[in-house]
Amino acid sequence: MQDSASTSELPHPDGPAGAPPAAVADTGDRVRLEPGARAPGPAAAPGSPAKIDMHHHYCAPEWREWAVRHGLVRAEHLPPWSRLDTAASLRFMDAAGITTAVLKPMLPARYQSSAQLREAIAITLRSMIEVAGAHPGRFAFYVPLFLDDHDASSWAIRRGIGQLGAVGVNVTANYGGVYLGDPAYDRLFAELNDCSAVVDTHPHNLPGGPPGAATVPGVPNFMCDFLLDTTRAAVNMIARRTLDRFPDLSVVLPHAGGFLPYIATRMRALGRFCDPPVDPGAVADHLRRFYYDTAGPMAPAATLLAHVPADHVLFGTDWPAAPADTVTALALPELEADPSFTPEQLRGVYHDNALRLIPQLATV
């Protein structure tokens with residue numbers, strides 16, 4: 001099978017594999033809550049809006065054990081944060097004032113067959129359902145898709161969205177160098193369009209480089225390359241008019257769209273040199289129709305909001321790939337202080353925009 005951002009046996013996504021666990025998050029004791037025990041809600045400051053975290057990574061311990069047992073991964077090659085448990089997640093959520101987190105599943109391996117990939121997805125779905133069921137109101141989840149395997153992905157859409165209550169799907173920006181928007185994915189995007197799916201995206205290493213190697217020595221790929229990976233996917237979807245051809249999809253771009261907001265004017269001016277040429281109106285239209293999360297932390301929002309309505313911005317943390325102190329001591333204060341958002345718009349970013357996009361979050 002193709003190796004891709006979802007299937008690469010590499011550190012994923014925004015934290016260095018060699019970082020000590022203490023640098024990844026303040027986890028305390030790694031103790032699981034008993035099944036069925038409801039975790040306490042977040043200790044948000046009075047008057048502070050409850051937050052929905054739309055970018056919350058999850059590596060199922062059951063998948064990890066299964067993948068190691070089958071020789072698909074080596075435990076020491078997984079990033080330390082992939083070993084964090086639900087109790088650590090809940091502690092982080094409570095400290096950050098997050099009521100509900102949407103789990104972005106991580107299954108980083110090179111699978112040997114479509115059947116084996118289905119098994120990996122099934123194990124991960126079962127784990128996320130158990131987590132959500134044990135902590136009502138605290139977790140929802142996306143279905144992991146591998147668009148380079150049509151049969152397994154089609155099955156996962158039917159199973160996850162149609163039967164198990166997933167709130168959307170998670171895909172990566174490219175699979176083996178084939179980016180979102182490519183006609184190779186049209187059959188799956190048509191299936192997703194039929195169920196008006198939320199398509200959450202995530203970047204990884206740029207294609208073509210040595211596995212695990214930094215493109216620029218000493219500069220981790222998540223610093224720059226991930227943002228370019230998202231930007232390439234977004235530009236390709238604009239060039240291929242993905243949202244026009246599949247109008248019932250809602251596509252979420254992470255990390256505030258990568259570099260897309262900063263090259264929007266450039267793309268409108270120079271899109272005629274693409275093949276096929278890109279109409280400037282299509283650029284502006286797609287920028288307004290994409291959704292963007294704040295994980296990163298993101299840059300000040302003025303450039304983003306010059307092209308994007310504020311109700312298409314969603315709160316996201318990138319935890320646990322982003323260390324807890326990065327979120328609570330840097331990203332959250334910067335977002336709170338950003339003068340580009342009115343208080344009403346910020347409430348939307350934290351909570352209301354996610355509920356409009358995914359109403360079932362109100363009933364998880």
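Index from 1, following the sequence.
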Between Asp293 (side chain) and Leu314 (backbone), is there a donor-acceptor pair under 3.5 Å? no
With the 4.5 Å side-chain cut-off for hydrophobic clustering, are Leu117 and Ile123 part of the same group? yes
As an exercise, state the distance from OH of Tyr185 to CZ of Phe246, rounded to the nearest 0.5 Å. 13.0 Å
Does Asp244 come within less than 4.0 Å of Arg289, counting only side-chain N to carboxylate O? yes
Would you say the ring centroid of Trp81 lies under 6.0 angstrom from that of His57? yes
Can Asn170 and Asp200 be counted as having a side-chain donor-acceptor contact under 3.5 angstrom? yes
For Leu84 against Pro320, the heavy-atom pair lying closest together: CD1-CB, 3.6 Å
Go through the steps for His135 and Thr86 under the test side-chain hydrogen bond (donor to acceptor under 3.5 Å, both in side chains), then give the verdict. CA-CA 10 Å; His135 311 290; Thr86 306; 5.0 Å; no
Using a 3.5 Å distance criterion without hydrogens, assess whether the side chain of Asp229 forms a donor-acceptor pair with backbone atoms of Leu206. no
Would a line drawn from the ring center of His286 to the ring center of His307 be shorter than 6.0 Å? no
Output yes when a side-chain donor or acceptor of Arg245 lies under 3.5 Å from a complementary backbone atom of Arg240, and no otherwise. yes
Taking Asp151's backbone N and O only, do any of them form a donor-acceptor pair with Ser154's side chain (distance below 3.5 Å, no angle check)? no
What class does the angle between the rings of His255 and His55 fall in, given that below 30° is parallel, 30 to 60° is tilted and above 60° is perpendicular? tilted
Should the ring pair Tyr111 and Phe146 be called parallel, tilted or perpendicular, given that the plane angle runs from 0 to 90° and is split at 30 and 60? perpendicular
Strictly by modelled atom types, are Ser127 and Tyr58 linked by a side-chain donor-acceptor pair under 3.5 Å? yes
Is the shortest side-chain N to carboxylate O distance from Arg138 to Asp94 below 4.0 Å? yes
Is it true that Phe290 and His312 have ring centroids separated by less than 6.0 Å? no
Pairs flagged by salt bridge (Lys or Arg N to Asp or Glu O under 4.0 Å) wherever residues 353-362 is involved - sequence neighbours left out: none
Hey, is the main chain of Ser153 close enough, under 3.5 Å, to the side chain of Glu191 for a donor-acceptor pair? no
